[in-house]
There are 2 protein chains.
Amino acid sequence: MARRRQSVTIKHVAADAGVSLQTVSRVINNEANVRPQMKERVQASIDKLGYIPSIAAQRMSGSRSYLILALNDRERTIEDWRSRQGSDWVDQMLYGGMLKCAEYGYRLIFELVDTHNDHVERELQAAIAALQPDGVILTPPHSDNPLITGVLREHNIPFAQIGSEGAGGGIPLIMGDEGAAHLATNHLVRLGHKKIGFITGSAEYLLSKWREDGWRGAMDNAGLPTDGLCAEGNFTFKSGLEAARKLLDQPARPTAIIASNDQMALAVLKVAKELGLGVPADLSIISFDNTPATRFAQPPITAIDQPIAATSSRAVELIISAKRGEDLPDAPTVIPAELIERDSTGPAADRSAANSN
Amino acid sequence: MARRRQSVTIKHVAADAGVSLQTVSRVINNEANVRPQMKERVQASIDKLGYIPSIAAQRMSGSRSYLILALNDRERTIEDWRSRQGSDWVDQMLYGGMLKCAEYGYRLIFELVDTHNDHVERELQAAIAALQPDGVILTPPHSDNPLITGVLREHNIPFAQIGSEGAGGGIPLIMGDEGAAHLATNHLVRLGHKKIGFITGSAEYLLSKWREDGWRGAMDNAGLPTDGLCAEGNFTFKSGLEAARKLLDQPARPTAIIASNDQMALAVLKVAKELGLGVPADLSIISFDNTPATRFAQPPITAIDQPIAATSSRAVELIISAKRGEDLPDAPTVIPAELIERDSTGPAADRSAANSN
DNA sequence: ATGAAAGCGCTAACAG
DNA sequence: CTGTTAGCGCTTTCAT
């Protein structure tokens, strides 16, 4: 394969504009100390020749690679891709992250790492050495991994921690999980529900606790008890099945259930059907995440939308700000989640009959 | 932001192993002309120091960037991301492409370009200049765009053309669309269907024609007429609605419909419900693509799976082969599509009543 | 405000 | 087989 050289380099531009390399470089990087007139002349040559700086060369000498690394969990991501259950987490990350990167002339590189593995550190070191990214976006359940945050701090690379409150020294962004759980719970309370069950996510994810806390808090505020209404899940359909059975197989069963993600909500729906419960007539369901599956369910499921695209977009902005030495917010950035009403929620059924059990 | 230098470079390794830079380089690149003993010694130093070559530096001097660019249509991709209808095309591309890249030490960079735009050429030139990719994967509807293939040839960059027969000089890969349409049609014929309708995709995509040809061919083989059974669509739900109404609003309506993608099949399902037709009792439906939406439909839709992951994986292999100067297949690589049977297909209804119209 | 020189980490080309 | 030399395209000093 022939050796490919840059077709038009900074040298060509310099020659064409009759200035030094340095001046061209200054114009490219929008630095001070260039007379407007000079700048214009150089820019004209750049446009004329169609010059684009090589990021490899920029990275070699300077400190910028214009690359931002988005780190995701390998196991979970591959399983999502393989199973094709319609989780669009990756798409939404790219949607927000790539487009925002493009605005600033950056590129997002999507990278997978092993969580349950001592290699994380080595994998990350390798990615950093190979790519020299200008910033890294950490996603759950890696966001607070001290091995990862340690390496990043050591290399002095700005990083965003999505779903983290910022332990580790990065830029924390959260999607308002606790508030969202309030939203969901209150919505059900307003519909007249008194017994509102909750299925937790895996404890490995901080947001699992936030969501549970939000539900408990809202129940408290409404003066409603939570005893026997919380079942453990781990985000899988299977765990949702078990949790749903546990909640619904009791005499005084809940009239509504909030599931910590869509797959588990789908499982609740299935168990409801098995038990002959109408949704929403006998049981209301709300889920977290709002992946496409919620739209296609029968009935479509009311869900808390996880604003992944907005969050990764903001993460990119903050990383670039940090890179520029600009001030960052003191508190974690919160991207609020919204409740998307669909057909799986309705007024609480009159439970006098059922309660007579 | 502090200037980040490579922490351990080829120099450190060379010093540690007591050899020249060049020898280390040879070991890294697995070149010939290194004594096994020497190689071992160098490798030991590499492992000891945790050395990883900088791709920026490799790209600067050598001819490899270890980057492969996957080009996708901006408009369509963003619309998919925005609408969240569960198309997992991007995910499947990444699934196949990224993992295969990782096997070879490459990285896949996902890039969006405008189709309907003279900028394509400039956009591509910019991406090439900035990234210097070792290869490019073209996806429909760009695969045969002469502006794109021209630029790529000019730069001598190997490229795969997914969904193309190879006009343009790249490496063609097709997903057996015509054969798949046969598969779908024959499946329906075996179920006793005689009037099998077809909804085309947008003419912008070559595969639209292949799918239609496959249907026509299979109908011919079965001695079945196709008059009035073909309706035009353009892959959108809306166009599917119109096409379905056209096909089903006639007296001698088809007992089965093949839609050129899932969204249009969903539309057929909707129209069937409006008309009070049972699926599959009164109407069988088969779709192309097999995105997650097909699983969630009521009933789940029998679909031709588009093997995107396998295809992009193979595309990466072929690009790397080409890069190495290895021989490539003469004919387009065909990744055969499979029929996934679900509940939207069944035996043809007895149409004596309907036919009496 | 601009230019000249030095070097980033690596590999191609050539010696030996 | 191994080492030496000369850049790749760009940005950082440091002059002017």
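Within every chain, numbering begins at 1; the chains are lettered A, B, ... in the order of the sequence lines, protein sequences first and strands thereafter.
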B:Ile46 CD1 to C:dG9 P: how many Å, rounded?
-> 16 Å

Donor/acceptor link under 3.5 angstrom from A:Arg59 side chain onto base of D:dG9 = no

Taking C:dT11, D:dT11, D:dG3 as options, the one with an atom nearest any side-chain atom of B:Val19 is D:dG3

Where the side chain of B:Thr333 meets the backbone of B:Pro329, is there a donor-acceptor pair that is under 3.5 Å apart?
-> no

A:Ser61 side-chain proximity, nearest of C:dT2, C:dT11, D:dC10 | D:dC10

Mind checking B:Val24 for me? I need base, sugar-phosphate or nothing, with any heavy atom below 4.0 Å counting as a touch.
-> nothing

Once you round it to whole Å, what is the distance between C1' of C:dC8 and CZ of A:Arg64?
-> 14 Å

Which sits closer to the 5' end of DNA chain C, B:Ala56 or B:Glu31, going by the nucleotide each is nearest to?
-> B:Ala56

Which listed nucleotide (C:dC8, C:dT11, D:dG3) is nearest to the side chain of B:Arg26?
-> D:dG3

Can you say whether the rings of B:Tyr66 and B:Tyr106 are parallel (under 30°), tilted (30 to 60°) or perpendicular (over 60°)?
-> perpendicular

Which part of the nucleic acid, if any, lies within contact of A:Gln58, taking any heavy atom under 4.0 Å across all strands shown: a base, the sugar-phosphate backbone alone, or nothing?
-> sugar-phosphate

With a 4.0 Å cut-off, would you call A:Glu79 and A:Arg82 a salt bridge?
-> yes

Considering only side-chain heavy atoms of A:Gln22, which listed nucleotide, C:dA12, D:dT12, C:dA1, is closest?
-> D:dT12

Can a salt bridge be assigned to the pair B:Asp134 and B:Arg64 using a cut-off of 4.0 Å between side-chain N and carboxylate O?
-> no

For A:Leu21 and D:dT12, give me the distance from atom CG to atom P, rounded to whole Å.
-> 14 Å

Reckon B:Tyr51 has a side-chain N or O less than 4.0 Å from the OP1 or OP2 of C:dC10?
-> yes

Atom-pair distance (NZ on A:Lys11; P on C:dA4), nearest Å | 13 Å

Identify which nucleotide among D:dT4, D:dC10, C:dA4 has an atom closest to any side-chain atom of A:Ser20, counting heavy atoms from C-beta outward.
-> C:dA4

Cation-pi check, B:Arg76 onto B:Trp81 ring (under 6.0 Å, within 45° of axis) = no

Five-pair end axes of the helix from C:dA1-D:dT16 to C:dG16-D:dC1 and the angle they enclose, rounded to 10° = 30°

Whole-Å distance separating the CG atom of B:Asn33 from the C1' atom of D:dC1 | 6 Å

Relative to the 5' end of DNA chain D, which residue comes earlier, A:Tyr66 or B:Gly18, by the nucleotide with the nearest heavy atom?
-> B:Gly18

Distance-minimising heavy-atom pair for B:Ala32 and B:Arg26 | O-CD, 4.4 Å

Just wondering, do B:Ile128 and B:Val136 contact through their side chains at under 4.5 Å, heavy atoms?
-> no

Looking only at side-chain N and O atoms, does B:Ser25 come under 4.0 Å of OP1 or OP2 in C:dT11?
-> yes

In plain terms, say whether B:Arg35 and B:Glu40 are close enough for a salt bridge, that is, a side-chain N and a carboxylate O under 4.0 Å apart.
-> no

Minimum-distance nucleotide to A:Ile10 side chain [options: D:dC10, C:dC10, C:dG3] | D:dC10

Closest nucleotide of DNA chain D for B:Ala57 versus for B:Val34: which of these residues is on the 5' side?
-> B:Val34

Atom-to-atom span, CD of B:Gln37 to P of D:dC1 - whole angstrom = 12 Å

Hey, is the side chain of A:Thr23 poking within less than 4.0 Å of OP1 or OP2 on C:dG3, counting only N and O atoms?
-> yes

